[in-house]
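Structure, as structure tokens:
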Amino acid sequence: ETGVTQTPRHLVMGMTNKKSLKCEQHLGHNAMYWYKQSAKKPLELMFVYNFKEQTENNSVPSRFSPECPNSSHLFLHLHTLQPEDSALYLCASSQESGANVLTFGAGSRLTVL
Amino acid sequence: GQNIDQPTEMTATEGAIVQINCTYQTSGFNGLFWYQQHAGEAPTFLSYNVLDGLEEKGRFSSFLSRSKGYSYLLLKELQMKDSASYLCAVKQAGTALIFGKGTTLSVSS
């Protein structure tokens, strides 16, 4: 596999559920990102990891919990979400966090009921 | 803080030329990017400008004026497959990319 792979592509969950989104990159990059994309709104940066260390948390509610076990994998753990959290969650990677070009995955479409 | 503005929607016909504008206000400017995103797909990198002027890449060109906080993406010889959202994004030193809302371009025959 090449590029940035996200699973699952679609997820429906209730407000009391716990689920996780997974992202894997095969590009040898050292930085990984979570962005949230909602209709009619800009892509919102959520978290940045550089060499497995979190370097940015853009005031994201604690019901979103990221995990980066190594430079190739990034998770977003979800619990007690709200309907307004329904969105497309995009993972991206770059050579390092100061690098310019991001490579995005196709996203995980989340619906919270 | 930062503010990035671009039109919400644009329409054009096959073979035509379209210009998508982006204005921005930011501190510590470190480059402007354009990404293309087809429905249901990942955004893909199109262009990067950090110096004033025009960067040409095939049918697509991108222009930047740092003093005016202004960029545009120019698409020539439009094709149906160019129907997509075009995202303007600004890089500030020390932070990740900040995106505008995107411009949805519809190309008709």
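By convention in this document, chain letters (A, B, ...) are assigned in the order of the sequence lines, proteins followed by strands, and residues within each chain are numbered from 1.
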Examine B:Y35 together with A:F104 and report whether their ring centres are nearer than 6.0 Å. yes
Under-4.0 Å salt bridge between A:R63 and A:D85: yes
Output, in order, the C-alpha distance, side-chain angles, deciding distance and verdict of side chain to side chain donor-acceptor pair (under 3.5 Å) for A:E56 and A:N58. CA-CA 6 Å; A:E56 282 193 57; A:N58 202 24; over 6 Å; no
Might you confirm whether atom CD of B:Q79 has over 12 heavy atoms from other residues, nucleotides or ligands at distances under 6.0 Å? yes
Winner by heavy-atom pair count (cut-off under 4.5 Å) against chain A, out of B:K101, B:E41, B:Q37: B:K101
Would you please classify the geometry between the B:Y24 ring and the B:F29 ring as parallel, tilted or perpendicular, with 30° and 60° separating the classes? parallel
Non-hydrogen side-chain atoms of B:P43 and A:L90 separated by less than 4.5 Å: yes
Flag the one option from B:A42, B:G40, B:G102 with the top tally of heavy-atom pairs under 4.5 Å to chain A. B:A42
Filter on disulfide (SG to SG under 2.5 Å), then keep only pairs touching residues 50-90 of chain A, sequence neighbours left out; what's left? none
Choice from A:G105, A:A31, A:G107, A:A92 maximising heavy atom contacts with chain B below 4.5 Å: A:G105
side-chain contact (heavy atoms from CB on, under 4.5 Å) for A:W34 and A:L74? Distances and angles first, verdict last. CA-CA 9 Å; A:W34 280 116; A:L74 184 65; 3.2 Å; yes
So if I take each residue of residues 43-55 of chain A and look for any heavy atom under 4.5 Å from a heavy atom in chain B, which residues do I end up with? A:L43, A:L45, A:V48
Which region of A:R9, side chain (C-beta onward) or backbone (N, CA, C, O), has a non-hydrogen atom less than 4.5 Å from a non-hydrogen atom of chain B, or is it both or neither? side chain
